[in-house]
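Below, all heavy atoms of this structure are taken into account, side chains as well, without hydrogens, waters or symmetry copies. Every chain is numbered from 1, with letters handed out A, B, ... down the list of sequences.
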Amino acid sequence: MHLDAKIPGGPLAEKWDRHKFELKLINPANKRKFEIIVVGTGLAGGSAAASLAELGYNVKSYCIQDTPRRAHSIAAQGGINASKNYQNDADSDRRLFYDTIKGGDFRAREANVYRLAQVSGNIIDQCVAQGVPFAREYGGLLANRSFGGAQVSRTFYARGQTGQQLLLGAYSALSRQIAAGKVQMFTRREMVDLVLVGGQARGIVVRNLITGDIETHTGDAVVLCTGGYANVFFLSTNAMACNVTASYRAYMKGAMFANPCFTQIHPTCIPVHGTYQSKLTLMSESLRNDGRVWVPKTAGDKRSPDQIPETERDYFLERKYPSFGNLVPRDVASRNAKEQCDQGKGVGETGLAVYLDFRDAINRDGKDVIAQKYGNLFQMYEKITADNPYEKPMMIYPAVHYAMGGLWVDYNLMSTIPGLFVLGEANFSDHGANRLGASALMQGLADGYFVIPYTIGGYFAGAKLPKVSADQTEFTIAAKEADIRTKRLLSINGKRTVDDIHRELGNILWNYCGMARNDAGLTKARTLIQSLRSEFWENVRVPGSDKDINQSLERAGRVADFLEFSELMVVDALTRRESCGGHFNEAFQTEENEARRDDENFCHVAAWEYAGEGKDPVFHKEPLVFENVKLTQRSYK
Amino acid sequence: MSWFVNTLGSSIGKKLMMAISGLSFCGFLVAHLAGNLFIYGGRDAFNSYATHLHSLGPLVTIAELGLLTMALIHVLTGATLFYENLQSRPQRYAVNKSAGGRTIGSATMPYTGAFLLLFVIFHLLNFHFVDKTHITIFDIVSKSFSHPAYVVFYVLAMIIAGIHVSHGLWSAFQTLGANHPKYMPVIMMLSLVFSLIVGIGFGFLPIYISLIA
Amino acid sequence: MTKTINLTLKVWRQPSTESKGGFETYQASDISTDMSFLEMLDVVNEKLTMDGKEPIAFDHDCREGICGQCGSVVNGRAHGPEKGTTLCQLHMRHFSDGDTIAIEPFRARAFKVLKDLMVDRSALDKVIQAGGYVSVNTGGTPDANAIPISKEIADKAMDAAACIGCGACVAACPNASAMLFVSAKVSQLALLPQGRPEAARRVTAMVRTMDKMGFGNCSNERECEAECPKEISITNIARMNREFFKAGFFSATK
Ligand SMILES: Cc1cc2nc3c(=O)[nH]c(=O)nc-3n(C[C@H](O)[C@H](O)[C@H](O)COP(=O)(O)OP(=O)(O)OC[C@H]3O[C@@H](n4cnc5c(N)ncnc54)[C@H](O)[C@@H]3O)c2cc1C
Ligand code: HEM
Ligand code: SF4
Ligand code: FES
């Protein structure tokens, strides 16, 4: 199969305009005749559903939570990038584009990323018009801060709750369309399958999480905005319900999965402190604006931090990367923290932590200024750890945070299944092998507000869409299969709980497919996953029934898919014989322990096709062509 | 006029009626207390105040009718609110604990209110709807308060009135939308002072009268 | 440092909306004081599962105090005893060995119990749908810096916008009133110039819908403010009242 990314011709900066002009239009009166299924109400799904409904399409929207406003995007703290150049520091679309491509270690598509930079400014305009209360300066204009991987200040923020405010903006637009009757909202529904009719995506199967009913829903196109799969690691900064089920089911139906091994490990999270732990908490990257990362110079130094004199501290990021200092990209910061801990210099009870110290910033700017900037984060840290970061340096350690990989999409955000569009974190498109801070919110909203409204019209204008109904065999069979699967999970009645198995899966991935990988470990992980999967299907215990609310059953379904998907991750990691961004294979590193790319052989997107149960997935390649940037060894020195 | 009914009939509209009628009572209390202070001037001072007041004629009637309207509004709306609020949580909590927001005043508004209604009726029957052709108001009052039970009941009622307005006054400002970080603490303080004035100001009178009687 | 405690839990169990619920008693043993309250419930649930019983159903998602999905009444307090804290951010170090903890769902006529500690808070969404938005379509909006907004106003709007929609204000209010939640959204949009054009229509529609949903009437008890995990202030309620009177008596809105 040939992967056609459908990148428009012409110069980079003109591609999107040109494409918008060339896309066929649907007359406003005819838009009413189309019904679009949008799964997910995060930044991507919420903005898409609202914008499509505003255009006149009939939209059905779905989410797992009890209200669309609680999608995981709500948890994003730090900010959203835009190339507004409000700070007069020489920012531009081109610079944002370049930073993002470079930050992604040159494994993203130029045209997509440029488009992202181009619409980034519109996003901020849109959000302000919706009433998003971004931080402002005394003069009344918008404030900015800096994020990792950039030397300009282009991040817009709303205290430490940027994701919340952006999502509430999208949610309000969505609510308006629900009230107008243009969006039908289905909450507490979990998509468990995609339905194809005549090779086109024409509907979904969902489980009603209140009644347990398996429901089928039809549409003329399906837009997946179901977020990332970082929870495959069990412990991550993601919300508990984040899953790969929707994406993985689409993959099983023929959508290709791109770069599944590209996962991001975020450097500044609260370290793990017990086996009962259910999730990890992120401390926003913005803290690295003022916090300094250090470890004791000598391994095994167990003195309390205030006893360690300046000369015996190693500010390793500042030392190794003088020009970016503490603001190096996430993959670099994480790997360096791990390296220090591996050398025995880690701090805290477990030795798996480094300090993030605000002492100097507090001495320089005063406690009040620091409290204004980070007060709520400091408070959150204190709530969890019972330590006061104003007095004692924070202890941080990397944690799984984000999935750059996702379903493969072309320039129109359509997957390899006609009529199946994928937006936001669920697709693979814009962040290459590593995402820069404050870019996911930008991408989710760009996809939803400013890309899909145009490109879906192009699809409808060119597609033949016969009428479908939920009584058709394609739907009844899919529903039946979903039902059988649920019943099977309930009937095993083994000796291990779902969480117990999920935790073990997480450990396997963290140890062998985490921050640093090697062939032996990955190979081992593959067999471990396979045997854990068989154990799951023989020995898991899922209590309760399928006829009402059953949270264990919900989790079991998700973990079953994680157990399949994790193998795909490992296979992808084994196949990519280079290190880049979040994928660091120890066999491929420079003398200074930096990731060594192999642009000659691996400058491509790895897209995997499902080959059937028990069969190895089939590899496809979309070569990446760089016409506007020079591929260089990423350097933040 | 549907806009008018819609606005006043809403939850916030009902609160508005409570606030305005409640504030008018507070105003009345101030006037009433000022008048009652003449008691400290002795029999003649108080009686001449009463005659003076009644010489105002129709003005008094208008004021009385106004107060009666306000009373009807306050009592009926208060009862509606109380009933609706009971309905809004059909299944109660097994464990109830305050987070520190409520006060004795706020938690007991309907009960102190109901008590005040009974009191007001009793009070009017006692001192207002009585034949005053052969006896002056001062004598009625001092005769009544020679019974210790009367004194106790009146003092109690005044303490309860104080409790009612200790929440009522600031709450009325909040309801009207007058909450400003600079002024709210002052209003809160004023409510407290006002409730003390009402409680002590009115409450001490029966004691004083019973002592001189 | 890490310490463990033993607790007795009295948990409200109710299989479905229609069924009658009641309290069940469970022992939570060897609970690390570093655990969050929900992690403690996870531990209890793992044990219930292995004992062949149904685990306790409770809502949660982000577990970092921002999604608003979690929440129960713990010993009579919505989200438990700590100020400005959601249930997921409440840590067991605030309890002592041997404590008995009563856990009940948020209760209000407008919030039906779905199962155990899970309730239906969709009434809050209905209120937002009535007008909790600025009616702008995607595209065609002016430059973000076109209208300067003073920092003071932007900060106040942000204070109000911090509401996570958890419904604890309703749960904590002796009258089950939703005024704090509704006023937070009304205030945010009434403060910002972008929200002014339809301020009158918005507040009228939202208050009417709030009333229709069966919430109680505010009597300024201030329990909401004291319990709100985001410490939303009742000055927002006063602002909403002002907006409502303005709309009702002085605008064209009917
Ligand atoms: C703690 C944290 C902080 C972050 N901070 C930042 C930041 O500061 N800046 C930044 O740019 N990015 C940040 N990110 C990343 C960013 O928040 C996410 O990548 C982005 O919000 C994802 O948005 P989304 O719309 O794609 O998906 P989500 O917001 O995850 O939404 C997924 C939606 O899909 C629904 N769903 C999922 N599966 C199913 C299913 N099977 N059936 C039905 N519905 C389903 C869910 O209910 C939900 O509505 C952060 C991430 C985390 C975890
Ligand atoms: C001297 C007489 C009284 C005075 C000065 C008075 C004053 C007030 C004031 C100022 C309020 C506050 C309104 C608000 O919160 O907006 C109030 C509330 C209330 N009053 Fe009275 N009141 C009096 C008598 C009564 C009586 C006789 C009743 C009997 C039914 C009553 C019942 C209530 C109730 C139930 C409330 C609370 C309403 C609510 O906030 O929901 N009051 N009162
Ligand atoms: S106002 Fe506070 S308590 Fe009420 S819903 Fe919002 S965050 Fe929760
Ligand atoms: S689980 Fe999200 S706020 Fe508690």
With rounding to the nearest 0.5 Å, note down the distance linking CG in C:N175 to CZ in B:F82. 10.0 Å
Given that the side chain runs from C-beta out, which part of C:E104 has a heavy atom under 4.5 Å from chain B: side chain, backbone, both or neither? side chain
N/O donor-acceptor pair under 3.5 Å between C:R107 side chain and B:Y93 backbone: no
Bottom line for C:A108: the part with an atom under 4.5 Å from chain B's heavy atoms is both
C:R242 and B:N179 have their tightest heavy-atom pair at NH1-O, 4.2 Å
Between B:N85 (side chain only) and C:G216 (backbone N and O only), is there a donor and an acceptor less than 3.5 Å apart? no
Residue pair B:W3 / C:T253, side-chain heavy-atom distance below 4.5 Å: no
Counting only non-hydrogen atoms closer than 4.5 Å, does C:P81 touch chain B with its backbone (N, CA, C, O), its side chain (CB onward), both, or neither? neither
Find out whether C:F215 and B:S11 are in side-chain contact, i.e. whether some heavy atom of one side chain is under 4.5 Å from a heavy atom of the other. no
Applying a strict 4.5 Å limit to non-hydrogen atoms, the region of C:A78 in contact with chain B is neither
Can you name the side-chain contact (heavy atoms from CB on, under 4.5 Å) partners of B:T80, sequence neighbours left out? B:E84
Under 4.5 Å from any heavy atom of chain B - which part of C:V170: backbone
Heavy-atom proximity to chain C below 4.5 Å, by part of B:L86: neither
Please determine, among B:G13, B:G100, B:A94, the option with the most heavy-atom pairs under 4.5 Å with chain C. B:A94
Against chain B, label C:C224 side chain, backbone, both or neither, depending on which of its atoms sit under 4.5 Å from a heavy atom there. neither
What distance separates C:M210 CE from B:I12 CD1, expressed to the nearest 0.5 Å? 5.0 Å
Out of B:A178, B:G105, B:A99, B:G9, return the one with the most heavy atom pairs under 4.5 angstrom to chain C. B:A99
Counting a contact as any heavy-atom pair under 4.5 Å apart, which residues of residues 226-240 of chain C contact chain B? C:A226, C:E227, C:I234, C:T235, C:I237, C:A238, C:M240
Are any of the side-chain heavy atoms of B:Q91 and C:W12 separated by less than 4.5 Å? yes
Heavy-atom closest pair, residues C:G214 and B:S88: O-CB, 4.0 Å
So CZ of C:R208 and CG of B:N6: to nearest 0.5 Å the spacing works out to 4.5 Å
Could you measure the distance from the CZ atom of C:R77 to the NZ atom of B:K97? Nearest 0.5 Å is fine. 7.0 Å
Tell me, side chain or backbone of C:F23 under 4.5 Å from chain B's heavy atoms, or both, or neither? side chain
For C:F245 against B:T175, the heavy-atom pair lying closest together: CE1-O, 3.3 Å
Verify, without hydrogens or angle tests, whether C:E221 (side chain) and B:R102 (backbone) share a donor-acceptor contact under 3.5 angstrom. no
